[in-house]
Amino acid sequence: MTEQPTEPQAHGVRIDGQPGHATIVLDGTTLPADQLTGYTLQHSIQDALPLLVLHTRQPDGIVWRGLARVAVGVNQNPGDLIAAFLAEVDPVLLDQEALNRSDYGGGEGATARAMLATLTEWARGGKAGT
C-alpha cells in the first residue's frame, strides 16, 4: 500500500462527565450511551488538538455504524515502561547528576536516594537523562 495517511480532521466534541455516567456529543450527534464503556482524553500542550479515544461495547446483535479514525492501543505493563525508560539512561550522567544534587546528604543509602530522586525528576520530564 503506497497511500499516505491523511492528517486527522478535527471534530466538535462535548463531554458531560459525571461519576458513573458520561454523555458524549460528536459533531452534534449524541453517541449511544449503551455502546460506550469509557473514553480517554489526552492533550499535550505542544500539540494543536487533543486526542479522544472512545471505548465501545459491541453487544450481540448491535452494529455500530459511522465514520471513525481508528487508533489501536496496547496496554503496557508498567514494568515494561519503566524498563524501557531505564534502558535509555546514561549511567555516567546519572552518577554525576546524583552526586552533584544539592540535597545529597551522605550517609547510608544516600547515593541510591539521590539516583532515585534524579530518575524521578527525569521521568517527570525534567532534564533528560539520555
Partners meeting side-chain hydrogen bond (donor to acceptor under 3.5 Å, both in side chains) with T30 (sequence neighbours left out): none

Can you list the other members of the hydrophobic cluster that holds Y104, where links are side-chain heavy atoms under 4.5 angstrom apart? L99

For residues 18-26, which side-chain N or O atoms pair as donor and acceptor with protein atoms under 3.5 Å away, sequence neighbours left out?
from	atom 1	to	atom 2	distance (Å)
Q18	NE2	D16	OD1	3.2
H21	NE2	T23	OG1	3.1

With sequence neighbours excluded, what pairs up with L116 under the side-chain contact (heavy atoms from CB on, under 4.5 Å) test? none

How would you list, by chain and number, every residue that makes a side-chain contact (heavy atoms from CB on, under 4.5 Å) with T120, sequence neighbours excluded? R124

The criterion is salt bridge (charged side-chain N to carboxylate O under 4.0 Å, His left out); which residues satisfy it with R101, sequence neighbours excluded? D103, E121

Check whether T37 reaches the backbone of H55 with its side chain - one donor and one acceptor, N or O, closer than 3.5 Å. yes

Sole residue of D90, V89, D95 in side-chain contact (heavy atoms from CB on, under 4.5 Å) with V92: D90

Applying side-chain hydrogen bond (donor to acceptor under 3.5 Å, both in side chains), name anything that partners Y39, two or more places apart in sequence or on another chain. none

Results of side-chain contact (heavy atoms from CB on, under 4.5 Å) for I82 - residues two or more places apart only: L86

Not counting sequence neighbours, which residues clear side-chain hydrogen bond (donor to acceptor under 3.5 Å, both in side chains) with R113? List them please. none

With sequence neighbours excluded, residues passing side-chain contact (heavy atoms from CB on, under 4.5 Å) with D27: H11

Between T118 and L94, does the side-chain contact (heavy atoms from CB on, under 4.5 Å) criterion hold? Intermediate values first, please. CA-CA 7 Å; T118 301; L94 174 60; 3.8 Å; yes

Tightest non-hydrogen contact, residues A98 and A114, listed as O-CB, 3.4 Å

